[in-house]
Number of protein chains: 2
Amino acid sequence: MNLKSQVEWALHCCAILAGLPEGRYLSTKALAEFHGLPKEYLSKALQGLSQAGLVNTTLGPTGGYRLARMPAELTFLDIVEAVEGKSRTFICNDIRANNPCRPAGFCEEGPCAIARIMWEADEAWREKLRSVKLSDLVETLSKDIPRDLWKSSFEWVLDRAG
Amino acid sequence: MNLKSQVEWALHCCAILAGLPEGRYLSTKALAEFHGLPKEYLSKALQGLSQAGLVNTTLGPTGGYRLARMPAELTFLDIVEAVEGKSRTFICNDIRANNPCRPAGFCEEGPCAIARIMWEADEAWREKLRSVKLSDLVETLSKDIPRDLWKSSFEWVLDRAG
DNA sequence: GCCAATAGGGATATTCTATGTCCTTAATAG
DNA sequence: CTATTAAGGACATAGAATATCCCTATTGGC
C-alpha cells in the first residue's frame, strides 16, 4: 500500500509555488526540470491540483501554475487528496454477508465493526495531514535548506516564472 | 492506495479464532467457507499471521490455526502489519537531490521535511490501530450481531474445530 | 494576424502489485 | 496406512501505477 509518487511531486511543486511572487506563473516544464521529473507525467499531477481548485492556471508563453490560496490556507490533506483521491485505504467487502449461518435475506444494519475501526485509523491519518499547512512546510524548509541553496533556487525559479 | 483485501480477511479470521476454546484449532478450509473466500489465497494471509507469530498452527486432520496470544494482547496493528507489511505509505524518492542549483556532491542531512510530515501521518494511522485490541473488536461484535446469529455461528465453528 | 509556448486531456504502452490457482512436501491424527 | 492439514513455490490473470505520445484550444509577444 503505497501512495503514488505523484503525491510527493505535488507536495514539492506546491512548496515551490508557495515562494512565487503574486500574479506570476510557473510552467510544468520548469517544475519538472527543477525536480528532475518527467514533464508529461508530472502534468497529470498538476492537473489534479487544478481540478481540485488548489492552483490557478493560464495558457500561452509565460503560462503555468500558481497557488489559488495563501500557503496558510492550503493543507497537506488538500494536496494529497487532490492527487491520490479521497477514498479510504480500507475497502469493506462485507464478507460477513457470506456467513453460512445467516438467515436468508438477513441484512445487518450499518457498516461492519471492523470497517468502522479501520476507517477511524484512516481518519486519524487524514486529521494529521489536515493539521499541517503548506506554510508550515515552507517554514521548516527555510530552516532545513542552506541559505545559499535556498537563495539560488529562488532565483532559478524567478528566472523561469512568467 | 488500498489495503489488500487479505487484511480484511485476516481481521475477520482473528475475530473467529478469538472465540475458539483453548487448545482447539480451526482450519483454513473452515475459515474460507465461513467467510466465502478462496481457500488457497486465504491461506497466504493466514501464513502471514503465522510468520508474525500471531497464531499457532498444527498439521494433520484436526489441524489448523489458533491465536498465539489472548485477544487482549493482540492489536489491530499486529494483524494489519502481519499481512500488509510494515512499510510506510509514503515513499521518499528524495527528488530534492535533483535541484539544479545544488552544489555538486552536496548532500542534505536527514530525511526531507515533506517525508517527515507524511511519516507522522502514517504513524498516527498506526497509533490508532495499535490502540484497538482484538478483544475490543469481539466486544463490539457481540453487541452488533444478533444473539441468534452469534450463537449459531459459534456452533458452526465448534463443529469444525479440531 | 502569426508564431511559439502553454494547459488539458485522450490514447496507448509498460511495469508492478494484488489476486487467485495449482501443485508438491512434510507433518499428524485416527 | 490413509486422509487431512499447513507451508510454500510456480504460475496465470487483472488492475493500478507509471509513463509517453499526440491533438486541441488558449494566450502572450511579435
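- When B/Lys128, B/Arg130, B/Arg88 are each tested for a salt bridge (Lys or Arg N to Asp or Glu O under 4.0 Å) with B/Glu123, only one passes: B/Arg130.
- Atom CD1 in B/Ile91 sits roughly 10 Å away from atom P in D/dT18 (whole-Å rounding).
- In this structure, A/Gln47 atom CD and C/dA11 atom P are separated by 14 Å, rounded to whole Å.
- Taking CG of B/Leu42 as the reference point, atom NZ of B/Lys44 lies at 11.5 Å (rounded to 0.5 Å).
- Dashed line: the shortest gap from a side-chain N or O of A/Ser50 to OP1 or OP2 of C/dG8 is under 4.0 Å.
- Residue contacts shown for B/Gly63 are limited to sugar-phosphate atoms, with no base heavy atom under 4.0 Å away.
- Remark: the B/Lys44 side chain and the D/dG9 base include a donor-acceptor N/O pair separated by less than 3.5 Å.
- Counting any heavy atom pair closer than 4.0 Å across all strands shown, A/Tyr25 reaches no nucleic acid atom.
- If you measure from atom NZ of B/Lys39 to atom C1' of C/dT21, you get 11 Å, rounded to the nearest angstrom.
- Where A/Leu59 and A/Ser5 each meet DNA chain D at their nearest nucleotide, the meeting point lying more 5' is that of A/Ser5.
- Taking CZ of B/Phe34 as the start and CD1 of A/Ile95 as the end, the distance is 9.5 Å to the nearest 0.5 Å.
- Between the NZ atom of A/Lys29 and the C1' atom of C/dA5 there is a distance of 9 Å, rounded to whole Å.
- Taking atom CD of residue B/Glu40 and atom C1' of nucleotide D/dA10, one finds them 13 Å apart after rounding to whole Å.
- In this structure, CG of B/Asn2 is placed 8 Å from P of D/dA16, rounded to the nearest angstrom.
- Sequence order on DNA chain C of the closest nucleotides to B/Lys4 and A/Thr57 puts A/Thr57 first from the 5' end.
- Out of D/dT18, C/dT6, C/dG9, the shortest distance to the side chain of A/Gln51 is found at C/dG9.
- B/Ser43 comes within 4.0 angstrom of nothing in the nucleic acid, heavy atoms only.
- Heavy atoms of A/Gly162 sit nowhere under 4.0 angstrom from any nucleic acid atom.
- Under the 3.5 Å distance criterion, with hydrogens and angles disregarded, no donor-acceptor pair is assigned to the side chains of B/Ser5 and A/Asn93.
- Between B/Ile95 atom CD1 and D/dA19 atom P there is a gap of 12 Å when expressed in whole angstrom units.
- You'll find that the side chain of A/Tyr41 is closest to D/dA19, out of D/dT27, D/dA19, C/dA26.
- The CG-C1' distance, from A/Asn56 to C/dT6, rounds to 15 Å in whole Å.
- If you check the side chains of A/Ser43 and A/Gln47, you find a donor sitting under 3.5 Å from an acceptor.
- Residue A/Ser27 places its side chain closer to C/dA7 than to any other of D/dA3, D/dT5, C/dA7.
- Side-chain proximity of A/Thr62 to the nucleotides C/dG20, D/dT18, D/dG29 is greatest for D/dG29.
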